Amino acid sequence: MVSQRKKIIVNSIVGLVVLFGVIFIGLGLHNKNQSKGQVGIHNDEWPRIKSEKTITIGLDDTFVPMGFRDNSGKLVGFDIDLATQVFKDLGVTVKWQPIDWSMKETELNTGNIDAIWNGYTATPERAQKVAFSNSYHRVTQVVVTLKKNNINSFADMSGKILADQNSSSGDAELNAKPNILKKYIKDNKAVGYDTFDKAFNDLNAGRIDGLLVDEDYARYYISHQDNADNYQIVKGDFSMTDDVVGFRKGDVGLQKAVNEQFSKLQKNGWISDLEKKWFGQ
């Protein structure tokens, strides 16, 4: 009887030790995640960025003319120039990080990058996940096709194959406003591509009939093709959208610093000159 009672007491002690061990391990992991910036959604990372003098920005490095690689492999583009200037004035160096564009908000909120900056359009859906900077550029969505396809309006896409980029602003616009274009296209659904360069290859090969894309991208891409006269840009009723920088919700200091630089560069005409350089307008 005494032996049985001792056994119960020993088992109870062992159980308590295991329980407390689990609790301490859990607390340790929680603190570790905090120290790594895993709770960056809540914390303002601007003091760390200023201290380290480096910020990591995520981009799709095939998105001309916003951020892409030239023939030598160097990152160039409108957003590359703008971000570099913004942070140069703030004493911070930009580290560019190519990412899977469909995972951009996840990359931001897990702390792998500090900002999304690459023709990133403000949408209600994205606003639920991240904080936006002020708008620094406006653009609309167009359909790029080949003249031989005889597509002169969105209605002419009836029964034809449309492509867009996965998780792009164009894809969001297409689905949010189905009566503008989606109702016409084959299966009422666009073929999704990871990058626009792959979609343009299929357009040229005749595997798709049209490509939904930012007008800036469309004009820049076409102007740099040897067969530029073969393409046609078709406009519809999509509204102008705002390009913004995406931040974690808690990064109010970073957001404020970037907005102040935007205001300065807009007032002195620097952004306007940069638009002329890259968009010719």
Side-chain angles (χ1 to χ4, degrees), residues 58-71 73 75-79 98-104 118-121 123 125-126 139-239 241 243 278-280:
L59 84 161
D60 165 11
D61 63 356
T62 69
F63 191 48
V64 299
M66 308 308 281
F68 63 102
R69 297 189 185 277
D70 64 14
N71 292 334
L75 275 173
V76 296
F78 177 83
D79 278 332
I99 58 173
D100 180 343
W101 197 244
S102 67
M103 297 293 291
K104 52 194 173 296
N118 190 208
Y120 186 59
T121 303
T123 68
E125 294 78 16
R126 290 173 176 174
V139 71
T140 190
Q141 298 292 320
V142 298
V143 170
V144 178
T145 183
L146 299 176
K147 289 180 179 177
K148 67 180 183 180
N149 291 340
N150 295 315
I151 296 170
N152 301 300
S153 69
F154 282 2
D156 290 338
M157 282 295 296
S158 180
K160 298 187 181 298
I161 301 174
L162 178 76
D164 64 15
Q165 185 184 35
N166 295 321
S167 301
S168 66
S169 55
D171 188 60
E173 281 275 285
L174 178 72
N175 292 306
K177 302 169 183 176
N179 287 329
I180 294 179
L181 175 59
K182 186 176 181 179
K183 68 179 182 180
Y184 297 116
I185 61 178
K186 183 178 180 181
D187 299 326
N188 302 126
K189 183 179 179 181
V191 177
Y193 286 79
D194 292 334
T195 60
F196 281 118
D197 55 340
K198 295 177 182 177
F200 267 104
N201 288 338
D202 277 2
L203 177 65
N204 293 328
R207 287 185 282 270
I208 60 175
D209 302 300
L211 174 59
L212 185 65
V213 64
D214 287 359
E215 185 175 5
D216 292 334
Y217 186 118
R219 294 193 181 283
Y220 186 91
Y221 180 92
I222 292 171
S223 68
H224 286 74
Q225 302 306 303
D226 294 334
N227 59 341
D229 289 339
N230 292 347
Y231 294 95
Q232 180 162 318
I233 292 176
V234 181
K235 291 187 177 182
D237 293 328
F238 287 120
S239 58
T241 55
D243 281 345
W278 286 105
F279 311 135

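Just so you know, these numbers come straight off a predicted model, no measurement behind them. By convention here, the first residue in the shown sequence is residue 1.
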Is there a side-chain contact between Asp214 and Ser169, using heavy atoms and a 4.5 Å cut-off? yes
With sequence neighbours excluded, what pairs up with Lys186 under the side chain to side chain contact (heavy atoms under 4.5 Å, CB included) test? Ile161
For Tyr221, give me all partners under side-chain hydrogen bond (donor to acceptor under 3.5 Å, both in side chains), at least two apart in sequence or on another chain. none
Partners of Pro98 by side chain to side chain contact (heavy atoms under 4.5 Å, CB included), sequence neighbours excluded? Leu59, Asp61, Arg69
Closest heavy-atom pair and its distance - Asn175, Lys182: OD1-NZ, 2.8 Å
Within a strict 4.5 Å, meaning less than it, do heavy atoms of the Leu211 and Tyr217 side chains meet? no
For a side chain to side chain donor-acceptor pair (under 3.5 Å) with Gln232, tell me which candidate from Thr145, Asn149, Asn152 qualifies. Asn152
Nearest non-hydrogen partners of Ser102 and Asp100, listed with the distance: OG-OD1, 2.7 Å
Who are the salt bridge (Lys or Arg N to Asp or Glu O under 4.0 Å) partners of Asp156, not counting sequence neighbours? none
Please examine the side chains of His224 and Val64, heavy atoms only from C-beta on, and report whether any two atoms are closer than 4.5 Å. no
Nearest atoms (heavy-atom pairs only) where Val142 meets Ala218: CG2-CB, 4.0 Å
Ring pair (Phe, Tyr, Trp, His ring centres under 6.0 Å) involving Phe238 - partner list, sequence neighbours excluded: Phe154
Restricting to side-chain hydrogen bond (donor to acceptor under 3.5 Å, both in side chains), what partner residues turn up for Asn150, sequence neighbours left out? none
If I take atom CG from residue Asp171 and atom CG from residue Asp164, how far apart are they, to the nearest 0.5 angstrom? 4.0 Å
Out of curiosity, Gln141 CD to Asp237 CG, how far, rounded to the nearest 0.5 Å? 13.5 Å
Residues forming a side-chain hydrogen bond (donor to acceptor under 3.5 Å, both in side chains) with Tyr184, sequence neighbours excluded: none
About how many Å separate CG of Leu162 and CG of Asn188, when rounded to the nearest 0.5 Å? 11.0 Å
Going by the angle between their ring planes, with limits at 30° and 60°, are Phe78 and Phe279 parallel, tilted or perpendicular? tilted
For residues Ser239 and Lys177, is any side-chain donor paired with an opposing acceptor at under 3.5 Å? yes
Examine the side chains of Gln165 and Asp60 and answer whether a donor and an acceptor come within less than 3.5 Å of each other. yes
Identify the heavy atoms of Gly58 and Trp101 that sit nearest to each other, and give their distance. O-CZ3, 4.4 Å
Taking atom NZ of Lys189 and atom CG of Asp187, what is their separation to the nearest 0.5 Å? 8.5 Å
Verify side chain to side chain contact (heavy atoms under 4.5 Å, CB included) between Tyr193 and Ile208, making sure each step is shown before the conclusion. CA-CA 11 Å; Tyr193 286 79; Ile208 60 175; 3.6 Å; yes
Checking Asn230 now: which residues fulfil side chain to side chain contact (heavy atoms under 4.5 Å, CB included) with it, not counting sequence neighbours? Asn227
Evaluate Tyr220 against Phe68 for ring pair (Phe, Tyr, Trp, His ring centres under 6.0 Å), listing each step before the verdict. CA-CA 12 Å; Tyr220 186 91; Phe68 63 102; 5.6 Å; yes
Would you give the length of the straight line joining atom CE of Met157 to atom CG of Leu181, rounded to the nearest 0.5 angstrom? 6.5 Å
Applying side-chain hydrogen bond (donor to acceptor under 3.5 Å, both in side chains) to Ser158 and not counting sequence neighbours gives none
Which atoms form the tightest heavy-atom contact between Leu174 and Ala190, and what is the distance? CD2-CB, 3.7 Å
Lys183: salt bridge (Lys or Arg N to Asp or Glu O under 4.0 Å) partners, not counting sequence neighbours: none
Applying side chain to side chain contact (heavy atoms under 4.5 Å, CB included), run through Tyr231 and Leu146 and close with a yes or a no. CA-CA 4 Å; Tyr231 294 95; Leu146 299 176; 3.8 Å; yes
The ring pair (Phe, Tyr, Trp, His ring centres under 6.0 Å) partners of Tyr120 (sequence neighbours excluded) come to none
From CD1 (Ile180) to CD (Glu173), nearest 0.5 Å: 7.0 Å
Restricting to salt bridge (Lys or Arg N to Asp or Glu O under 4.0 Å), what partner residues turn up for Asp202, sequence neighbours left out? Arg207
Provide the closest heavy-atom pair for Thr121 versus Arg126 in the form atom of the first, atom of the second, distance. O-NH1, 2.8 Å
